[in-house]
Every structure is written in C-alpha cells, then in structure tokens.
Novice: 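Please find one structure pasted underneath; my questions will follow.
Numbering of ligands and ligand atoms starts at 1, following listing order. The model shown is predicted, which means the values in this text are computed figures rather than measured ones.
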Amino acid sequence: MTKHINKIKISSKNALTATEYLNGIKSGNRAILSKAITLIESSTPQHQKIAEELIEICLPFSGNSVRIGITGVPGVGKSTFIEALGSYLIEKKDKKVAVLAIDPSSKKSGGSILGDKTRMNNLSVNDSAFIRPSPSSGTLGGVAKATRESIILCEAAGFDTILIETVGVGQSEIEVKSMVDFFLLLMLAGAGDELQGIKRGIMEIADGIFINKADGENIDKAKLAIQEYKNAIHLFPPNSNGWTPKVLSCSAIENKGITAIWEVIESFIHLTTSNGSFSNTRKLQSKFWLEHTIDSSIKALFYANEEVNSKIKELENQVTEGVISPFKAARELITIFKS
Ligand code: GDP
C-alpha cells in the first residue's frame, strides 16, 4: 500500500480521495502532506469538502505531539532560533519536527515569514523536518484555521514536535496561544518593550520569555534583561495550570542556551501532564475553536443574507443620525435574518 501511495501522481488534479491522502500522509510521503495542506488552505467548496473529510479521518492519528508557539518581532531571530532548536531536537532527542507559520501580514508582504527557507539551511534539507510557510493569502481567521488543521495533518504524518512561528505584534498571538501547549516569546536585551512593539498582553500569555542574541557585547545586557523580565513576570496574575513562566537567555546563532530552553519546555510538559492541565487546556482549546468557528460562520451567513444587505445601510444611517438606537436596529436586522 505504502509503495502504491508513494507512486501516486500527485500533480494530477484532485486525483486523491481523503483516504488516499491519509494513507500517503501516514506513509511519510511529504509531497502528499504538502498537497493536503494546500487542500485545506483552499477556499474552493469541493476542496473544502475533501479537506473536512480528511481532517476527520486524521483526527484519530493526531494529538501525539508537543505544540510550541514561537513569537517575537521581525529580526529578533525566530528563524535562526527555530533552526537551532529544531536541529537540536532532531539530532539529540530523535524528534520529528514540523515548522508552520501564521503571518497575518503575508497578504501584503507576499509571505515574509519562513518564505525564505534558506534561513533554515539545516532543517530545510533534513528528513526529520518539515517546513511549511504561512499561506500567502486569506484573513487571519482563515490562516489560523488552516494552521490548526495543518497541525493535525503533521501529527498524523508522525511529527512529534510542532513549532508554530508568528510575528509578535498583534492579534495572531491570541490565535496561536489557542492552538499550542507552550507559548514562547523571544526578546532582545536592552531594546525596551516599546521599541520591540511587544504588547504587555503578549508577555502575560508567554510560558517562557527568552532573551536572544545573548552573545558578544550583548551578554551583560542579557543578564540585566533577565532580571527585569523576572521582576515583571512576578507582577502578573498566577497561571491556573501552576506554571510560573521562565526567563532565560540564548544565542540562537551560536547555539547557546538551547538545551536549557528545551529543559524548561520539558519541565512544563511534565508539570502540566501530571496535574492534568495539559489535556484540559487542549479540551478548552477545541471548545474555543468550536465556538470561534460557529461565531465566524454565523457572522458570514448574516452579512451574506440578501434581505439583511438591502436593509443594513438604511438602518446604519438611522443609527448614526440618532433616529433609532443601535440595539433596536440590530434586533430588526436579526429578525429579518431569522425570517
Ligand atoms: P526573524 O525575523 O525573527 O525570523 O529573525 P532572523 O532569524 O531572520 O534573524 C534576524 C537577524 O538576526 C539575522 O541577521 C540573524 O543572523 C541574526 N541573529 C539571529 N539570532 C542571533 C543570535 O543569537 N545572535 C546574533 N548576534 N545574531 C542573531
């Protein structure tokens, strides 16, 4: 069967059924895994139908991984860090590492994140690694959904460590936080939070804050930064999972501090699996995605409704002119939608 799947001509249009995709993915065929991710990113109804079927049949083979979100402003060293951590995990821990990305800006920039695979020289040619850039189009919601589904496909393909890269400047962190087990924030020493564009809220959701580029003249500054961030974390409300976020420094380019960072992630997994919060968080995440999807689907249906559309402008004007209240207008539109 494996041989057969590996021989499947993947260039032929829509040639595969969901089961053929699954068999290809499980047999380690990367071309089929890539094609399956393209399928789930597609907005064509017939692709979506097979994609949904595929996700359903992949689910029993998913879940067996550690999902790690990695964020930080452009230039902080995310790609270099992923190259260092990923290579360490493959070489020293015998892991299989998949790297995915969420880049809400990619629509404008044409896919900046992970677009340049040469930044991950080792991982991009390593048989135990799989790198997938962010979809180059779509809304953040769409990209996030595709990434969450890509996690399932990668897990079915046997990847046991999933690294999800995002730019640490906005909404995408919240989406990533809701699909990972450990959320890691990379920072620079001495640059100031303002300068780094990192919102306080992002620091609050981090399970680990790691000061990168702790090398050369930066070493002392990094030590100071560790103390500052430790003090800041102290003031945050405690996590319900019993974990206190850790602050460490590293040099991704010199491969320093990577082992210690992995030990932090391992101790997080140990603590949260033993106190039950690891699986509980995943359950809550699935619930979040159910609600999130219902919310966005109903909203899309509402705005696509013809009767609603023919009335909405008029009511909007009446609301802004103070003729009727926004609540009454909303109720009227919802009545129209429901009828
Ligand atoms: P990203 O935009 O966050 O993905 O950052 P990159 O990984 O592309 O790194 C941005 C720049 O910082 C590159 O020139 C890297 O070589 C450099 N860089 C990354 N990590 C380190 C590090 O640990 N130390 C030093 N000195 N430079 C680094």
Novice: Is the shortest distance from a Lys or Arg side-chain nitrogen in R132 or E41 to a carboxylate oxygen in the other one below 4.0 Å?
Specialist: yes
Novice: May I ask whether V73 places a heavy atom under 4.0 Å from ligand 1?
Specialist: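 The answer is yes: ligand 1 sits under 4.0 Å from a heavy atom of V73.
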Novice: Is P74 close to ligand 1, meaning an N/O of one under 3.5 Å from an N/O of the other?
Specialist: no
Novice: Out of T273, N280, N275, which residue meets the side chain to side chain donor-acceptor pair (under 3.5 Å) rule with S277?
Specialist: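 For S277, the side chain to side chain donor-acceptor pair (under 3.5 Å) check succeeds only for N275.
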Novice: Mark up the atoms of ligand 1 that fall under 4.0 Å of a heavy atom belonging to S79, in ascending order.
Specialist: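 This gives 4 (O), 7 (O) as the contact atoms.
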Novice: What about E254: any of its N or O atoms under 3.5 Å from an N or O on ligand 1?
Specialist: no
Novice: Please identify which atoms of ligand 1 are closer than 4.0 Å to at least one heavy atom of D215.
Specialist: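 Answer for ligand 1: 22 (C), 23 (O), 24 (N), 25 (C), 26 (N).
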Novice: Heavy-atom contacts under 4.0 Å between I253 and ligand 1: side chain, backbone, both, or neither?
Specialist: both
Novice: Check whether F61 forms a cation-pi arrangement with K26 (NZ or CZ under 6.0 Å from the six-membered ring centre, at most 45° off the ring normal).
Specialist: yes
Novice: Considering the heavy atoms of T80, write down every atom of ligand 1 situated less than 4.0 Å from one of them.
Specialist: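 Answer for ligand 1: 6 (P), 7 (O), 9 (O), 15 (C), 19 (C), 20 (N).
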Novice: Does ligand 1 have an atom under 4.0 Å from some heavy atom of G72?
Specialist: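 Flag not set, G72 not near ligand 1.
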Novice: State whether D127 and K96 are salt-bridged, where the test is any N-O pair (Lys NZ or Arg NE/NH1/NH2 against Asp/Glu carboxylate O) under 4.0 Å.
Specialist: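 Looking at K96 together with D127, the answer is no, because their closest N to O distance does not fall below 4.0 Å.
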Novice: Specify side chain, backbone, both or neither for V76, according to which of its non-hydrogen atoms lie closer than 4.0 Å to ligand 1.
Specialist: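 The part of V76 near ligand 1 is both the backbone and the side chain.
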Novice: Ignoring hydrogens, just give me the one of E217, K256, K213 whose non-hydrogen atom is nearest atom 11 (C) of ligand 1.
Specialist: K213
Novice: Considering residues, nucleotides and ligands other than N64, do more than 12 of their heavy atoms fall under 6.0 Å from its CG?
Specialist: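 At most 12 heavy atoms, drawn from other residues, nucleotides or ligands, come within 6.0 Å of this atom.
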Novice: Is the closest side-chain donor-acceptor distance between W262 and E266 under 3.5 Å?
Specialist: yes
Novice: What atoms in ligand 1 come closer than 4.0 Å to a heavy atom of N212?
Specialist: 20 (N), 21 (C), 23 (O)
Novice: Under a 4.0 Å N-O cut-off, is there an ion pair linking D207 with K246?
Specialist: no
Novice: Can S87 and N122 be counted as having a side-chain donor-acceptor contact under 3.5 angstrom?
Specialist: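 Their side chains do contain a donor-acceptor pair, which is all the 3.5 Å distance test asks for.
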Novice: Looking at non-hydrogen atoms alone, which of A214, G75, A84 comes nearest to atom 2 (O) of ligand 1?
Specialist: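 It is G75 whose heavy atom sits nearest to atom 2 (O) of ligand 1.
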